[in-house]
**Student:** 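Below you will find the structure I want to go over with you.
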There are 2 protein chains.
Amino acid sequence: MSRGAGAGVRESLEAPGSREKILDVAEALFARRGFAGVGLREVALAVGLGKSSLFHHFRSKVQLYLEVLGRVLGRIDERLRPALAAGGGPAERLMRSLDVLVDALAEHPTTARLLLRGLFEDDAFPADLGPEGDTVERRLASLICGIEALLREGIERGAFRRVSIPHMMQTLIGATVYHFASGEFGEGLIGGSLFSAEEVRRRKEELRAVLDHGLTA
Amino acid sequence: MSRGAGAGVRESLEAPGSREKILDVAEALFARRGFAGVGLREVALAVGLGKSSLFHHFRSKVQLYLEVLGRVLGRIDERLRPALAAGGGPAERLMRSLDVLVDALAEHPTTARLLLRGLFEDDAFPADLGPEGDTVERRLASLICGIEALLREGIERGAFRRVSIPHMMQTLIGATVYHFASGEFGEGLIGGSLFSAEEVRRRKEELRAVLDHGLTA
DNA sequence: TTGACGCCCGACCGGTCGGTCGCTTAAAAG
DNA sequence: CTTTTAAGCGACCGACCGGTCGGGCGTCAA
């Protein structure tokens with residue numbers, strides 16, 4: 001069956017498994033240069049395979065891209081869903097959700113960029129991604145829908161000000177996702193890695209403080 | 001000299017002037033699909049020229065791209081610089097600056113995406129953009145530097161809380177730029193055009209309110 | 001031993017990429 | 001009128017694109 005992996009006793013440990021390795025490499029490249037900016041030759045070379053071998057694992061370039069996006073989304077709602085489901089008031093649950101969102105974005109430096117690029121680049125595939133593309137958008141929408149409900153509940157209960165929910169969603173998404181997607185530019189501002197544990201902790205604090213009191217003293 | 005433009009009496013009015021038209025078209029396309037996703041054939045076709053004619057106005061594709069970016073930056077600091085220079089306390093000046101930034105992003109729907117893409121895609125040109133690329137980054141940095149100074153002043157004077165300035169900058173940039181770059185996804189959230197006068201006004205209000213009081217009631 | 005299968009490969013396909021070349025046209029400059 | 005020059009064009013270049021094809025090789029079941 002598989003060449004590299006002793007598929008018998010040890011299940012999935014130890015052997016890289018071409019599929020996952022390809023996804024890892026492709027994720028890094030797509031995040032850095034976008035869908036159109038990455039050639040399959042480059043992916044194959046980085047994996048250590050011939051280009052044609054990629055097609056044994058993925059039907060086409062768009063399917064590879066969509067699967068990368070799917071993995072990214074999976075990593076996020078794997079964390080976000082329990083955070084949304086756990087108990088507490090709306091404010092508490094919102095802050096916890098934002099915390100795990102920040103954690104998810106910080107864990108893989110590629111995540112934020114891929115998310116943003118995914119938003120941008122559905123213009124790039126006019127309509128050719130078929131039903132799978134819808135699924136990716138659907139999943140993304142369902143993720144933010146949970147947070148949206150949290151906002152609504154908080155406002156109804158009087159815990160939050162009567163802000164415009166969509167606009168606040170946009171602000172929240174922008175303030176979290178942009179930060180981790182800002183790359184060298186953001187690191188120039190911060191003066192260090194965006195992804196160090198220290199900076200991630202500080203980011204959560206600042207975000208929480210802004211939502212609690214705003215900027216003015 | 002020029003074919004289409006009567007360059008004698010009427011200066012720059014009336015005639016499209018190929019250069020500007022090319023920049024307009026290229027700006028729209030680069031915003032939608034990114035540097036690598038746009039071919040010069042497509043640009044030329046949309047302008048109504050042959051591909052080879054583009055090279056009479058721009059040395060290469062990267063130069064065209066950089067000039068598009070330069071124009072975008074120009075439109076922003078054309079508005080932002082006077083807003084920063086005008087009088088008033090730090091809080092007032094910060095709000096005014098964010099207002100004009102929102103106005104600038106709302107005026108051309110392409111602006112926010114190009115800015116974000118510009119941030120992402122300097123990874124895409126390894127080092128080949130030469131000194132002009134530095135200039136673009138420099139200008140962007142100088143723009144945000146003005147806002148940074150405003151934050152610092154506000155904190156020193158006690159008008160603002162003692163937030164981390166870089167982190168607050170990231171939040172501010174993210175909350176404004178992301179919104180106008182979010183495309184169809186954002187419009188799905190908002191339930192209408194991101195760029196209508198009504199939505200732009202509301203966006204400013206919400207942003208101001210968050211900075212003034214935060215989210216909690 | 002033999003056949004089937006998973007995985008991988010190099011060669012190759014039509015098409016597009018950014019960019020160059022030589023040419024024509026027409027207006028401005030003399 | 002002649003010369004210069006900006007602006008345009010189609011043909012063409014080598015390189016690379018995503019994708020296909022036929023075959024080699026090692027493993028496992030029969």
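Quick caveat: nothing in here was measured; it's all calculated off a predicted structure. Sequence lines set the chain letters: A, B, ... in the order given, protein chains first and strands last, and positions in each chain run from 1.
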**Student:** Taking atom C1' of C:dG19 as reference, at what distance in whole Å does atom CG of B:Leu40 sit?
**Tutor:** 9 Å
**Student:** Report the distance from atom CG of B:Leu54 to atom P of C:dC17, rounded to the nearest whole Å.
**Tutor:**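 Value for this atom pair: 12 Å.
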**Student:** Would you mind reading off the distance between A:Phe55 atom CZ and C:dA11 atom P, rounded to a whole angstrom?
**Tutor:** 18 Å
**Student:** Without decimals, in angstroms, what is the distance between B:Phe35 CZ and C:dC17 C1'?
**Tutor:** 11 Å
**Student:** Just how far, in rounded Å, is C1' of C:dG10 from CG of A:Leu45?
**Tutor:** 15 Å
**Student:** Hey, could you give me each pair passing ring pair (Phe, Tyr, Trp, His ring centres under 6.0 Å) that has a residue in residues 169-203 of chain B? Not counting sequence neighbours.
**Tutor:**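 Ring pair (Phe, Tyr, Trp, His ring centres under 6.0 Å) check on residues 169-203 of chain B returns A:His167-B:His179, B:Phe180-B:Phe195.
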**Student:** How close or far is atom P of C:dG19 from atom CG of B:Leu64, stated in whole angstroms?
**Tutor:** 10 Å
**Student:** Distance-only, no hydrogens or angles: does the B:Arg96 side chain make a donor-acceptor pair with backbone N or O of B:Gly87 under 3.5 Å?
**Tutor:** yes
**Student:** What nucleic acid atoms does B:Val43 come within less than 4.0 Å of, heavy atoms only: base, sugar-phosphate, or nothing?
**Tutor:** nothing
**Student:** Taking side chain as C-beta onward, heavy atoms only, is B:Arg113 less than 4.5 Å from A:Phe120?
**Tutor:**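 When only atoms from C-beta onward are counted, A:Phe120 and B:Arg113 do touch, with a gap below 4.5 Å.
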**Student:** Taking only the side-chain nitrogens and oxygens of B:Ser53, find out if one of them lies under 4.0 Å from OP1 or OP2 of D:dA7.
**Tutor:** no
**Student:** Are A:His57 and C:dC8 close enough that a side-chain N or O sits under 4.0 Å from OP1 or OP2?
**Tutor:**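 Indeed, a polar side-chain atom of A:His57 lies that close.
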**Student:** Check if the side chain of A:His56 and the base of C:dC7 share a donor-acceptor pair of N or O atoms closer than 3.5 Å.
**Tutor:** no
**Student:** Check whether the side chain of B:Lys51 and the base of D:dG10 form a donor-acceptor pair under 3.5 Å.
**Tutor:**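 Side chain to base: no pair present.
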**Student:** State, yes or no, whether a side-chain contact exists between B:His57 and B:Gln63 at a heavy-atom distance under 4.5 Å.
**Tutor:**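 A side-chain contact under 4.5 Å is absent here.
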**Student:** Which part of the nucleic acid, if any, lies within contact of B:Val47, taking any heavy atom under 4.0 Å across all strands shown: a base, the sugar-phosphate backbone alone, or nothing?
**Tutor:**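 Nothing, no nucleic acid heavy atom in range.
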**Student:** With distance as the sole test, does B:Lys61 use its side chain to make a donor-acceptor pair with the main-chain N or O of B:Phe35 at under 3.5 Å?
**Tutor:**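 Yes, the answer is positive, given that a donor and an acceptor are paired below the 3.5 Å cut-off.
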**Student:** List, with names and distances, any nitrogen or oxygen atoms from the protein found under 3.5 Å away from nitrogen or oxygen atoms belonging to nucleotides 14-16 of chain C.
**Tutor:**
none

**Student:** At less than 4.0 Å, is any side-chain N or O atom of B:Ser52 found next to OP1 or OP2 of D:dC9? Yes or no.
**Tutor:**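 No, because none of the side-chain N or O atoms of B:Ser52 sits under 4.0 Å from OP1 or OP2 of D:dC9.
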**Student:** Taking the inter-plane angle between the rings of A:Tyr65 and A:Phe30 on a 0 to 90° scale, is it parallel (under 30°), tilted (30 to 60°) or perpendicular (over 60°)?
**Tutor:**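 The arrangement is perpendicular - the two ring planes meet at more than 60°.
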**Student:** Specify the residue among A:Gly48 and B:Ser60 whose closest nucleotide of DNA chain C lies further upstream toward the 5′ end.
**Tutor:** A:Gly48
**Student:** Whole angstrom is fine here: how far is it from NZ in B:Lys61 over to P in C:dG18?
**Tutor:** 4 Å
**Student:** Which residues pass the side chain to side chain contact (heavy atoms under 4.5 Å, CB included) test with B:Arg208, sequence neighbours left out?
**Tutor:**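 B:Met95, B:Asp99, B:Asp212.
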**Student:** Round to a whole Å and report the spacing from CD of A:Glu20 to P of C:dC7.
**Tutor:** 14 Å
